[in-house]
Structures are given as C-alpha cells and as structure tokens.
Amino acid sequence: MDNVYSCFFSDMGFLNVAISLIIGISTLIMIRIFYVIYWSSKPRYSKPPGPLTTLIVLGSGGHTAEMLNLLAVMQMDRFKPRYYIAAATDDMSLQKARVLEDSLIKKAEVEVVGTSHFLQIYRSREVGQSYVTSVGTTLIALTHALWLMIKIRPQVILCNGPGTCIPLCVIAFFFKVLGIRWSSIFYVESIARVRRLSLSGLLLYKLRMVDQLFVQWPQLKSKYPRANYVGRLM
Amino acid sequence: MGESHDSVKSKRIVFVTVGTTCFDSLVRAVDTQEVREALFKKGYTDLVIQMGRGSYIPTKSTGEDGSLSVDYFTFSSSIAEYLKSASLVISHAGSGSIFETLRLKKPLIVVVNEDLMDNHQSELAEELAERNHLFCARPQTLYQTISGMDLGSLVAYQPGDATPVANFINRFLGLNDE
C-alpha cells in the first residue's frame, strides 16, 4: 500500500495534485452557487423572522421617488435597522430618505430611534467618464462596496437601479455563496422601463443574482417570465 | 348688473418644462410663431417656459398685441404650483415630470428628446400615449400635435399602488403571520 502512494506522489508530481484540488474546489463552489441560486428563488422563512437588517439602495431622481413610494407602504418595524445608500454625487436622494424617516418618527408608530442610517458610496463611473479611468474608479467603488457590505451584512436588499446597486448585489451574492450572510435581494424595475429591462435589471435577472425582480408593465413580464408583474407603483 | 369679473380675464396657461435637462429643441419649437399661434387659436393666453439647463433663450412677450403672452425661467425648487395653475402642460419625457402632471389630472403633451443617447424614456411616453393618458410628440411634430389634439379623448391616469409589491415581499419573507 505504501508503495502505491509514494509512487503516486513522486511519479505524478505536485502539479497534478494541485490541479485535482483546484477542480475539486471549483466543483464544490459551482454546486454551492447552484444551491444558492435555487434556494434564493424560494420563500425565505417558514416562520416569521425577527426584524431584518435592510439595505436600501437609492438611485437618482425618479428612482428615489419610486423607492420611497414603496417604503411608505412597508412595515418599517419588521425592516430594521435600515441602511440607505446613495451615490456620493447624489445629494437629493439621502435628503428625501431622511424626510421619510423623520415622518416615521413623527407618526411614532415604530421604534425608530437609531434604526436608520444614511451612507454614501463611490460610483463606479460618472456619466461621460472615459473607460480607461473607469477601470480604476470601478475598482475603488467595488472596494468601498465590499467595506460597506462587511459592515452592514444586510438580510434584505431593496433596489431599483441604476448601476449603484450592482456592486452591492454582486457582493451580497458572494456573501451567500461563501456563507457569510444570506440576503433576500429584491429589485423593482423602474416604471419608465416598458419594453426593455435596464442594464442593471438585465444583469441581475440573467445572472440570477436577484431573488425576486418586479416589473411594472405586462410587456416585460412576457419577455422575462421569471419576473413578477404586480402593477405600477406610481 | 352683468358679470362682476369682467375685468379679470381668466388665464389659460400653457406650462412647458424640461426638468433639469437641456432640451433646446423643445424650447425652440415652442418659441416658433406657428406653435405660439396654434396655442393662441386653441384659446390659451399665456405661455410659461421652464427652460432648465438650455442655452436657447425664448423671446418674452406681454401679449398686449392680442397674442400669446410668453415668459420663461430656468429652474424652480418646485414646479408644483406652475403645474397646478396650468391648463396644458408640455413636458420632457422624464417619468417624474410625467407622473407629477398626471397626478394633477392636467392635459399633457410629452415631447421626446431625440438627441439623448439612450432614449428609453420614449417607451414610457409612447405607452401612456397609447393608453390615451397623454399626447406624445417630437419637437418637429409639436405643431401638428397641438393643432390636432382633442383634449376630450384623454383618459385620466389611475395612480399606481405599491402595496402589492410590499405584500409580495412580506409573503416571501414569511412576515404575514397570524
């Protein structure tokens, strides 16, 4: 027996062991990824969970308006603490989110003190930025996103485009694969998207990185069967 | 006795808005004589243009000579008041602008900016026009749209509701207890 093993190591060489290990680990990761994708699409909890740490990604202008519309009808005491993230160059969105949170305090229905946080994230690319410098800024944005995700480790992510949410959702997906934190990712496509998904929506849909994607027009439901059509939010 | 408010002519204001964009072709089109005359013929008395970041400056007019009175400004912190006092709104195709106007149940002509790179905005304007909630035009066809429009054909837009999405999320997360 000993002879067989010593022959194996000396004849086959270290390289082949390394290759076998790589193939083995890659297979395990692939299986884990399929497992994550499969279970992500299923309802998450069998019995009501406690308050869920929630990450809300705000985009500019119309995107924020739609998101705030949705938040206004959600049970805020089940989604806390809430972390609002907007792009560093977007001043309006966080301001509007603060207004919403202030109105919650006034309503005093919810134990809100200290449950909402407002953060900014570096953008991967500004409109019109050259693609060469975009590589650098995207890396910075990814690092920043990773740092924020490690700090927050959300259980629920709400986003509706634009690109600000992609680094965060990709990192969340890998957190799931690596078992760091399981998050339920919800993406609501903008009402302005009638016949085609936005690039963010399309990426998350095709790569199956979103648990549930919502579209606001029936044409998109026909085109993307795994999407959910539940009418318009505005 | 007669009408006690003879001296106060009721204004019919046309409000043009480009939001935070630069949409010179719309401002130019609205400032042409043919569009101004078409609006005047339709019974509008005032034209107010919110020109945003555009570089084309329209020509002001008091309208004393029996034509449309024209005024303009660049930005306002809130255009809600302008929208409320308007009898007709001509807007760029931004979804915020569109829905803010539809919520106020104002007749709306949406003008699509063809100079924009990724014109997904036109999808929303076209869909809502197909459902008769507004009229859709391009800067070059604005005149025809105004002359030919029948406001009676417009159907009120029923505001949407985010509750179904919230309910779906709740069910997915098992939050609907009892």
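Note that this is a predicted model, so its numbers are computed, not measured. Sequence lines set the chain letters: A, B, ... in the order given, protein chains first and strands last, and positions in each chain run from 1.
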**Message:** Is it the case that over 12 heavy atoms from other parts of the model lie below 6.0 angstrom from the OH atom of A/Tyr83?
**Reply:** yes
**Prompt:** Looking only at heavy atoms, what is the nearest atom pair of B/Ala162 and A/Asn69, with distance?
**Reply:** CB-O, 3.7 Å
**Request:** Using a cut-off of 6.0 Å, state whether more than 12 heavy atoms not belonging to A/Lys206 lie near its atom NZ.
**Result:** no
**Prompt:** Does atom CZ of B/Phe168 have more than 12 heavy-atom neighbours from other groups under 6.0 Å away?
**Reply:** yes
**Request:** State, yes or no, whether a side-chain contact exists between B/Ile169 and A/Val156 at a heavy-atom distance under 4.5 Å.
**Result:** no
**Item:** A/Arg195 to B/Glu123 - nearest heavy-atom pair and separation
**Value:** N-OE1, 2.8 Å
**Message:** Could you report the tightest heavy-atom contact between A/Ser40 and B/Phe172, atom names first, then the distance?
**Reply:** O-CZ, 3.3 Å
**Request:** Select one option (side chain, backbone, both, neither) describing which atoms of A/Leu158 are under 4.5 Å from chain B's heavy atoms.
**Result:** side chain
**Item:** Heavy atoms from other residues, nucleotides or ligands near NZ of B/Lys41 exceed 12 (cutoff 6.0 Å)
**Value:** no
**Message:** If I compare all heavy atoms of A/Trp217 with all of B/Glu127, which pair ends up nearest, and what's the gap?
**Reply:** CZ3-CG, 3.5 Å
**Message:** Given heavy-atom pairs under 4.5 angstrom as the criterion, report whether the side chain, backbone, both or neither of A/Gln216 touches chain B.
**Reply:** neither
**Message:** What's the separation between atom CG in B/Asp161 and atom CZ in A/Arg232, rounded to the nearest 0.5 Å?
**Reply:** 11.5 Å
**Item:** Which portion of B/Asn170 sits near chain A, non-hydrogen atoms under 4.5 angstrom
**Value:** side chain
**Item:** Per-residue contact mode, B/Leu102 against chain A (heavy atom under 4.5 angstrom)
**Value:** neither
**Residue A/Phe34 excluded, over 12 heavy atoms near CZ under 6.0 Å** = no
**Option that, when pairs with chain B are counted at under 4.5 Å, heavy atom only, ranks first among A/Lys42, A/Gln155, A/Lys47** = A/Lys42
**Fill in**
Output for pair (B/Tyr157 OH, A/Met234 CE), nearest 0.5 Å, gives 8.0 Å
**Request:** Compare all side-chain heavy atoms of B/Leu175 with those of A/Pro49 and state whether any distance is below 4.5 angstrom.
**Result:** yes
**A/Phe186 side chain reached by B/Val165 side chain, heavy atoms, under 4.5 Å** = no
**Message:** What I'd like to find out is whether the side chain of A/Phe79 reaches to under 4.5 Å of the side chain of B/Leu173, using heavy atoms alone.
**Reply:** yes
**Crowding at CZ, A/Phe174 (>12 non-hydrogen neighbours, <6.0 Å)** = no
**Prompt:** Which value, rounded to the nearest 0.5 Å, describes the distance between A/His63 atom NE2 and B/Ser95 atom OG?
**Reply:** 7.5 Å
